[in-house]
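Structure, as structure tokens:
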Amino acid sequence: MSLRLYNTLTRQKELFQPIDPRNVRMYVCGPTVYDFAHIGNARPVIVFDVLFRLLREIYGAEHVTYVRNITDVDDKINARAAERYPELAPEVGIRKLTEETAAQFHADIAALGVLPPTVEPRATEHIVEMVVLCNQLVANGHAYVAADHVLFDVSSMADYGRLSNRSLEEMEAGARVEVAPYKKGPMDFVLWKPSKPGEPAWPSPAGIAAPGRPGWHIECSAMAGKHLGDVFDIHGGGIDLAFPHHENEIAQSRCAHGTDVMARVWMHNGFLQVEGEKMSKSLGNFITINELLGTGTFGASQWHGRVVRFAMLGTHYRQPIDWTVDRLVQARATLFDFSFLHGSPVADAPHPDVIAALSDDLNTPSAISIIHGLAKSAHRNTETAAVLKATLQFMGLYKNETQDELNPGHEARTVDGSKVEPLIVARLAARKAKDFKESDRIRDELAAMGVTLKDTKNKDTGEIETTWEIAR
RNA sequence: GGCCACGUGGCGGAGUGGUGACGCAGCGGACUGCAAAUCCGCGUACCCCGGUUCAAUUCCGGGCGUGGCCUCCA
């Protein structure tokens with residue numbers, strides 16, 4: 001099985017060859033924990049969860065290390081904590097906010113069928129590593145100290161801009177931001193900055209007396225380096241992070257460690273729109289995972305996590321995706337169709353064709369197409385049904401839910417089975433007597449109770465047997 | 001202004017230099033007393049204009065449209 005992945009660094013699909021097949025290493029930028037995660041945040045989490053699962057399948061679960069960080073030091077966090085917990089000391093309020101937000105994030109993505117990563121490091125637990133990086137970069141001439149800041153000197157790096165495919169001249173020409181006076185070059189970026197009173201502060205690197213805090217990009221370099229080494233296999237994130245965040249991560253890590261690359265393969269998922277528009281708070285179409293799962297505010301319905309996941313994976317990860325109610329409706333309908341697998345046995349392994357489809361740069365739509373093919377024969381063939389179920393489970397798309405469970409908030413009428421059974425018996429008797437008027441009346445009566453009937457002919461006895469379920 | 005994606009049938013969405021995936025919806029049929037479920041069948045879609053080619057939706061150029069980055073937004 002050969003895995004091919006699109007590498008942003010080379011702009012083509014490449015055969016994936018891990019540095020060490022006994023320890024395949026992947027890093028994905030996780031959330032900055034200051035607010036509910038939104039549906040755009042969910043995309044990379046889901047997409048790289050699929051890749052994680054695929055790598056585990058190919059190389060063995062114990063041979064994959066997946067690091068997804070939590071960034072818990074950031075200007076937005078400070079601002080939000082002060083706003084929400086004005087009565088608390090800043091560090092207490094910040095801690096409270098980041099803990100709560102991280103817990104919410106975990107609950108949200110667990111509902112989306114996302115496996116926990118191997119390591120989930122927090123930025124605030126890696127300050128020492130960040131300070132070390134800063135010192136290394138100053139020592140080897142890639143960074144300098146100015147006005148109590150540590151700044152990365154982009155002119156010191158020959159191929160800065162390689163990932164996002166832009167030259168320094170282009171960037172400077174296009175720059176629209178006022179350049180801080182202490183910067184040597186306009187594109188130089190902050191590795192470390194002094195803390196204002198009330199802001200989190202740590203002892204600064206590079207002989208700076210004033211306490212300070214890290215810049216935006218350094219935390220990922222520090223955490224990736226600590227948990228995955230100077231060079232690792234895959235780095236993922238949203239396409240909007242390619243510049244400047246990933247570009248700067250690369251600059252810091254490579255210049256500190258003296259390597260040609262930071263990660264061998266860089267993967268970026270496409271952007272997400274909502275109902276054809278950019279998602280933004282001002283447009284009022286900003287939608288969090290939590291709202292989708294629990295509130296019924298999007299499309300006047302609550303959506304099961306697997307429905308959200310299925311809807312997300314219906315589009316290839318690099319394509320733009322338009323998040324619409326209709327998409328969720330269709331995803332839910334498909335999952336309803338698969339719920340005939342409820343209670344059926346599970347095979348040990350997913351279907352190889354699905355692994356093959358995913359191995360072609362995570363072609364989830366193609367994988368789903370193969371799944372539909374399996375579903376066709378699974379209606380008659382219990383072995384195929386078991387493989388289908390294993391395949392769906394492998395992709396995190398189905399875990400033995402009933403239709404009711406897949407339809408949260410849709411107050412399923414509780415139906416008293418003991419009342420249904422006698423009516424079914426009576427209807428069968430009426431049918432046998434060819435009293436179809438009576439049998440239809442009973443079916444209507446059951447329908448009014450919210451019960452849908454299915455008649456099947458028993459292959460062995462030739463008898464008609466009736467099963468029932470609660471109507472959708 | 002610079003850089004970069006995307007534009008496929010009513011909808012969603014793969015893919016390919018030449019036999020038009022797949023799903024939803026729709027239509028027809030089988031089965032059924034009727035339903036439901038299931039099964040079978042049905043769609044000459046590739047933004048526009050040029051170019052390359054025996055052949056382009058697929059390659060190249062231009063245009064139009066949508067979106068992203070260059071503003072610590074995944």
Side-chain angles (χ1 to χ4, degrees), chain A residues 8 11 28-32 35 37-48 71 74-76 161 164-167 169-178 187 189-190 193 214-217 219 236-248 268-273 276-281 286 310-311 313-316 318-322 324 326-334 336-337 340 357 360 363-373 375-377 379-380 430-431 434-437 439-440 443-444 447 451-457 464 466-469 471:
Chain A
T8 307
R11 299 184 190 259
V28 173
C29 294
T32 300
D35 203 350
H38 57 69
I39 188 63
N41 298 306
R43 171 115 100 144
V45 172
I46 292 171
V47 162
F48 292 105
T71 295
D74 176 90
D75 287 349
K76 290 193 296 288
S164 52
N165 193 32
R166 45 187 108 189
S167 68
E169 298 75 62
E170 282 169 9
M171 288 187 254
E172 289 172 15
R176 289 188 262 152
V177 194
E178 214 176 305
M187 297 311 293
F189 58 91
V190 171
K193 53 191 169 186
W216 175 29
H217 318 292
E219 85 280 11
I239 185 67
D240 57 313
L241 287 182
F243 190 89
H245 184 240
H246 291 161
E247 200 71 75
N248 292 349
H268 292 97
N269 61 270
F271 219 70
L272 177 145
Q273 285 180 269
E277 288 183 304
K278 182 184 168 78
M279 178 167 67
S280 73
K281 284 180 176 156
F286 194 87
F310 193 88
L313 294 179
T315 298
H316 183 82
R318 281 193 281 121
Q319 294 289 111
I321 187 168
D322 187 15
T324 61
D326 191 52
R327 175 188 296 277
L328 287 164
V329 170
Q330 285 198 15
R332 184 174 59 192
T334 305
F336 277 168
D337 288 344
F340 77 92
D360 179 17
N363 195 334
T364 49
S366 182
I368 289 169
S369 168
I370 291 159
I371 284 171
H372 282 300
K376 244 179 188 179
S377 53
H379 281 290
R380 293 182 169 160
R431 290 194 64 211
K434 302 223 184 284
D435 185 355
F436 297 122
K437 203 175 166 189
S439 94
D440 286 351
R443 187 171 61 203
D444 290 345
V451 170
T452 304
L453 300 180
K454 281 185 198 176
D455 292 338
T456 48
K457 195 175 271 182
I464 298 293
T466 299
T467 57
W468 63 279
E469 61 185 31

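Naming convention: chains lettered A, B, ... in sequence-line order (proteins, then strands); numbering from 1 in each chain.
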Please tabulate the protein-to-nucleotide N/O contacts below 3.5 Å involving nucleotides 56-59 of chain B, giving atom names and distances.
none

Set out, line by line, the N/O atom pairs under 3.5 Å between protein and nucleotides 45-48 of chain B.
none

Report all interatomic pairs (protein N or O, nucleotide N or O of nucleotides 21-23 of chain B) with separations under 3.5 Å.
unit_1 : atom_1 : unit_2    : atom_2 : d
C22(B) : O4'    : Ser369(A) : OG     : 3.2
G23(B) : N2     : Gln330(A) : OE1    : 3.0

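Residue side chain Asp322(A) does not reach the base of G12(B) through any donor-acceptor N/O pair under 3.5 Å, judged by distance alone. Ser439(A) contributes a side-chain N or O that forms a donor-acceptor pair with the base of G33(B) under 3.5 Å.
Residues forming a side-chain hydrogen bond (donor to acceptor under 3.5 Å, both in side chains) with Ser366(A) (at least two apart in sequence, or on another chain): none. Listed by chain and residue number, Glu169(A), Glu170(A) satisfy the side-chain contact (heavy atoms from CB on, under 4.5 Å) test with Ser167(A) (two or more places apart in sequence, or in another chain).
For the pair Asp75(A) and Lys193(A), the salt-bridge criterion is met [side-chain N within less than 4.0 Å of a carboxylate O].
Counting only heavy atoms from C-beta on, Asn363(A) has its side chain closest to A14(B) among G68(B), A74(B), A14(B). Of all nucleotides listed (U32(B), C11(B), C6(B)), C11(B) comes nearest to the side chain of Asp326(A). The side chain of Arg443(A) lies closest to C34(B), out of U66(B), C34(B), C39(B). Nearest to the side chain of Asp440(A), among C34(B), G68(B), U66(B), sits C34(B).
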Give the table of side-chain donor-acceptor pairs shorter than 3.5 Å for residues 39-48 of chain A, with sequence neighbours excluded, one pair per line with atom names and distance.
unit_1   : atom_1 : unit_2    : atom_2 : d
Asn41(A) : ND2    : His38(A)  : ND1    : 3.4
Asn41(A) : ND2    : His38(A)  : NE2    : 3.2
Arg43(A) : NE     : Gly270(A) : O      : 3.4
Arg43(A) : NH1    : His316(A) : O      : 3.4
Arg43(A) : NH1    : Tyr317(A) : O      : 3.4
Arg43(A) : NH1    : Gln319(A) : O      : 3.3
Arg43(A) : NH2    : Gly270(A) : O      : 3.2
Arg43(A) : NH2    : Phe271(A) : O      : 3.3
Arg43(A) : NH2    : Gln319(A) : O      : 2.5

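Contact annotation for His316(A): backbone-only contact, meaning every heavy-atom pair under 4.0 Å involves sugar-phosphate atoms and none involves a base.
The aromatic ring of Phe271(A) does not sit over the base of G67(B), since the test of centres under 5.5 Å and planes under 30° is not met.
Cation-pi geometry between Arg431(A) and Phe436(A) is not met at under 6.0 angstrom from the ring centre and within 45 degrees of the axis.
A gap of 27 Å separates the C1' atoms of G65(B) and G17(B), to the nearest Å.
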